[in-house]
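Letters A, B, ... are given to chains in the order of the sequence lines, protein chains preceding strands, and every chain is numbered from 1.
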There are 2 protein chains.
Amino acid sequence: MPKTGERVWKAGELAARTGLTVRTLHHYDAIGLLSPSGRTGSAHGPGHRLYTAADLARLQQILSLKQLGFGLDEVREYLSRDDYDPRRVVRLHLARVTGQADELRKLADRLAALADALDKAEAVSADDFLNTVREITMVEQYYTQEQLEQLAARKEQVGQARVDEVQAEWPRLMAEVQSAMDARTDPADPKAQALARRWFGLVAEFTGGDPGIFKSLKKMYETEDKVHDMDVKAMRPMMEWVGQAAAAAGIELPG
Amino acid sequence: MPKTGERVWKAGELAARTGLTVRTLHHYDAIGLLSPSGRTGSAHGPGHRLYTAADLARLQQILSLKQLGFGLDEVREYLSRDDYDPRRVVRLHLARVTGQADELRKLADRLAALADALDKAEAVSADDFLNTVREITMVEQYYTQEQLEQLAARKEQVGQARVDEVQAEWPRLMAEVQSAMDARTDPADPKAQALARRWFGLVAEFTGGDPGIFKSLKKMYETEDKVHDMDVKAMRPMMEWVGQAAAAAGIELPG
DNA sequence: CTTGAACCTCACGCCGCGTCAGGGTGTACC
DNA sequence: GGTACACCCTGACGCGGCGTGAGGTTCAAG
């Protein structure tokens, strides 16, 4: 109900002014976000929408809030009530947005790594592609975001030197276990128990004793065939044998 | 149709292994992304889904590609055809993702600026909030992304010193125009034409002669009441007068 | 044979509109 | 007054990737 003589705008004019579409204005009307103050009187159907200067001002506020990434229902809330704390709202929203931005950055990093890997190889078949993709995404499939951060922090703590040492230790240990198994050594044998202690010592050094990480790692090694060029499939019999030896030795596993 | 004796998994088992939900597997089946190789024979209804090791492998590939942010239909394409160039696909996708990430970063920057502004003020009413939001989002409403980049580049080019000079020049020029108007100077008068030349000289220095930027600027000054604490509303009569003077002087406007 | 957990198939909801389809209105010109 | 013709209106479906019921069936264990 605009005052008579007041300047009014029709949907198309508003759309042109704001860069929106008429459909969008209809939508805002439908969801009760912005309803025109008036309509042209018409014979049969509903008349044309007539927006006043006040409507226009409200629309500008809507657009501003929308540009900050708020949802339309949030926008409606903020415009209808004034008993909320803008600071808190903005900070919460900022946190959300930075979170999303971080996610996307990580995704971009993964993709860049993938692009690099593909560039290094000469011919790239569809299989190579899928394998490389797998390589890069595997780790994230098993660890949660939080766990990955813990792992990074832990790596920082122990230093690269020790990480390299552990990496070098694994093949040696696996060879020893394999020969013990080939010799049909009983898992309850003290030698087997010693191997189990070394084995789970290395594991614990990686997991930092975190049960969640232990479980994730376990699942990954049970599910995957290759991890980081290591033949995990071949490790599975060893893992069972070592598990038995650990049980005999009374080693407590984090899981 | 899994071979008899082959290990199969039911939907729930697969879901547990992969961290998906059963509903998701149903969805993948429905859209033809991953259909189980078999089903249990049943009396009346359709049987339970039975997934083979091959299905599992395909699912892993699906998850990998999904983790890289590809859409499900894209994933389907990449798994069904092998006559595409992975390098190109990845690079295109990377570009998309970095684009989105940049958008979100800019949004986060705006929000951070808003949070700062709100922190500086002591009491923040709903109106203050909306005004501050407006302040921060206004510019982006009128200029396209490309135009903002042009403006930034141009600012870089001319240097901060000159920008400050122009900023200082505007109030002086406006005062002169105002007094000329108060004196009822004819826009066709040579003095008026000289003022118009200075006026559009300053404008051209800002726009760099770009017609698109000129139009955006014009629209902003016609629509807004305040821009950057400048009383744009009061400028409008001046703009008309100067426009007439410019016409008399035969100044060509970029728009 | 019975229970109970797990499975099945519809079908709607979400978010912010785009995009038809089918029909009324407002204004300018004759 | 009529007649264009641009503009406006109201439904209704679609999109992506599932979540979330409702209501019924099937499998494996006891």
Checking contacts here: which listed nucleotide (C/dT9, D/dC8, D/dG17) is nearest the side-chain heavy atoms of A/Lys10? D/dC8
Between A/Tyr28 and A/Gly47, who's closer to the 5' end of DNA chain C by nearest nucleotide? A/Tyr28
B/His27 NE2 to C/dC10 P, straight-line distance once rounded to whole Å: 16 Å
Please determine if a side-chain N or O atom of B/Lys66 lies less than 4.0 Å away from the OP1 or OP2 oxygen of D/dC18. yes
Return the nearest nucleotide to the side chain of B/His26; candidates are C/dC8, C/dG16, D/dC18. C/dC8
Atom-pair distance (CZ on A/Arg49; P on C/dG24), nearest Å: 17 Å
Please report, rounded to the nearest Å, how far the C1' atom of C/dT27 is from the CD atom of A/Glu13. 13 Å
note: A/Leu34, atom CG; C/dC17, atom P; distance rounded to Å ~ 13 Å
Considering only C/dC7, C/dC17, D/dT10, which nucleotide approaches the side chain of B/Val22 most closely? C/dC7
Lys/Arg N to Asp/Glu carboxylate O, B/Asp210 vs B/Lys215, below 4.0 Å: no
If each of A/Tyr51 and B/His44 is mapped to the nucleotide of DNA chain D with the nearest heavy atom, which maps nearer the 5' terminus, i.e. the 5' end? A/Tyr51
Give the rounded distance in Å between these two atoms: NE2 of A/His48 and C1' of C/dT27. 11 Å
Among the nucleotides D/dC8, C/dG26, D/dG17, which one has an atom lying closest to any side-chain atom of A/Thr40? C/dG26
Given 3.5 Å as the limit, does a donor-acceptor pair link the side chain of A/Arg236 with the main chain of A/Tyr221, or not? yes
Of the listed nucleotides D/dC9, D/dC18, C/dC17, the one nearest the side chain of A/Arg23: C/dC17
Taken to the nearest whole Å, CZ/A/Phe70 to P/C/dC15 is 16 Å
note: A/Leu14, atom CG; D/dC8, atom C1'; distance rounded to Å ~ 14 Å
Sidechain N-carboxylate O distance under 4.0 Å for B/Asp102, B/Arg105: yes
Look at A/Thr21 and C/dC17 and indicate whether a side-chain polar atom (N or O) is within less than 4.0 Å of OP1 or OP2. no
Short question: side chain of B/His93, backbone of B/Leu68 - any donor-acceptor pair under 3.5 Å? yes
Looking only at the side chain of A/Thr24 (C-beta and beyond, no hydrogens), which of the listed nucleotides C/dC7, C/dC17, D/dC18 gets closest? C/dC17
Ignoring hydrogens and angles, tell me if any N or O in the side chain of B/Arg39 forms a donor-acceptor pair with the backbone of B/Gly47 under 3.5 Å. yes
In whole angstrom, give the distance that lies between atom CG of A/Leu25 and atom C1' of C/dG16. 13 Å
